[in-house]
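Ligands are counted one by one from 1 in listed order, and the atoms in each one are counted from 1 as well.
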Amino acid sequence: MGTFIVSGCGGIQSTLDPGGREAKSIADLFWWMTAGAIVIWLAVILLTVYAARLRSEARNQRRDRILIIGGGAVIPTVVLTVLLVYGLAPIPTLLAPAPEGSLKIIVSGEQWWWRVRYFPRGGEAFELANEIRLPVGEPVQFQLDSPDVIHSFWIPSLAGKMDMIPGRVTYLALQPTNIGTYRGACAEYCGTSHALMNFYVEVMRKEDFSAWLAQQSQVSQPPVEPSAARGQELFLANGCNACHTVRGIPARGVIGPDLTHVGSRMSLAAGTMPNEPDAFQRWIAHTTEVKPAVNMPPFHMLPPEDLRALAAYLEGLK
Ligand code: CUA
């Protein structure tokens, strides 16, 4: 029974299975609060049963008064004060910025995806979407904003939530402690496809992270396969470049996600679909079915062979 109850507490998107310092302190707080609540609940139930079974002639006014003042006022005041202080104590640490010189990542919440910007030291800034990679054990400073409506940035396994508010900049610092893949979500209702606005976070060894950073900052490789080469032509001919950037070809649109290395990402359409050629075709042809009210129009007028070529090109952008 116990196993059944807590089996929902693990996994890549659980506050109770922390993979970072901040999430750990929140999980600890939760468990202590829960334990305290259980102890108090049991004590109240026991006292209720005791009082109900007590014969009235056994009552003693003085003892009753002690029980009422002690159990009704003194104990709750002491317990609630302790829990309040304990509950508020982690907040300054949770809101503190990462040390000067830490890795900085800017994330914008947009309807309904995440624009992610990295600024490698000595390298050029680059952008990707719906995916964040972090080196294990290093503090990271997120700078959060939104160009449209309020979103909320949340990686349950790594830290608490932080709102992304149009016209304002908010900050969240965290330090991942465990290597692994985690899932993040938008935690503030932001319109029709709010529930289809997710992302993956990969916490990696430092060397792997540096290699990934170097690879992501490169421009895209020219397609080799004939069908992928045809896909690149179609990408430009159909105006995909009006909204999307692919570094290395004349595609510098900034409305939608940067697709320079889209083939290497862990999902499509902000955590909605697997990153596979079939899913890519379905996404391009039926965007509004996959993600209702999305800005990208569906390209269902394209013949199947064109969709296949586009998918081959985009999947090849590793
Ligand atoms: Cu963005 Cu909900």
*Test log, rule ring-ring contact (aromatic ring centres under 6.0 Å, His included), inputs Trp154 and Phe199*: CA-CA 10 Å; Trp154 193 26; Phe199 60 104; over 10 Å; no
_Could you walk me through whether Phe142 and Phe153 satisfy the ring-ring contact (aromatic ring centres under 6.0 Å, His included) test, starting with their C-alpha distance in whole Å, then the side-chain angles of each, then the deciding distance to 0.1 Å, before giving a yes or no?_
CA-CA 10 Å; Phe142 285 103; Phe153 181 77; 5.0 Å; yes
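The shortest distance between side-chain heavy atoms of Glu131 and Trp114 does not fall below 4.5 Å.
Metal site remark for atom 2 (Cu) of ligand 1: His194 contributes an N, O or S atom at a distance under 2.8 Å. With 2.8 Å as the limit, Gln111 does not count as an N, O or S neighbour of atom 1 (Cu) of ligand 1.
Side chain of Lys291 to main chain of Leu196: a donor-acceptor pair is present (N/O by atom type, distance under 3.5 Å, no hydrogens or angles).
Between Cys190 atom SG and Cys186 atom SG, the angle centred on atom 1 (Cu) of ligand 1 amounts to 120° (nearest 10°).
The N, O or S atom of Glu188 with the smallest distance to atom 2 (Cu) of ligand 1 is O. For His151, the N, O or S atom with the smallest separation from atom 1 (Cu) of ligand 1 is ND1.
For Gln143, the CD atom counts as densely surrounded, since its 6.0 Å shell holds more than 12 non-hydrogen atoms of other residues, nucleotides or ligands.
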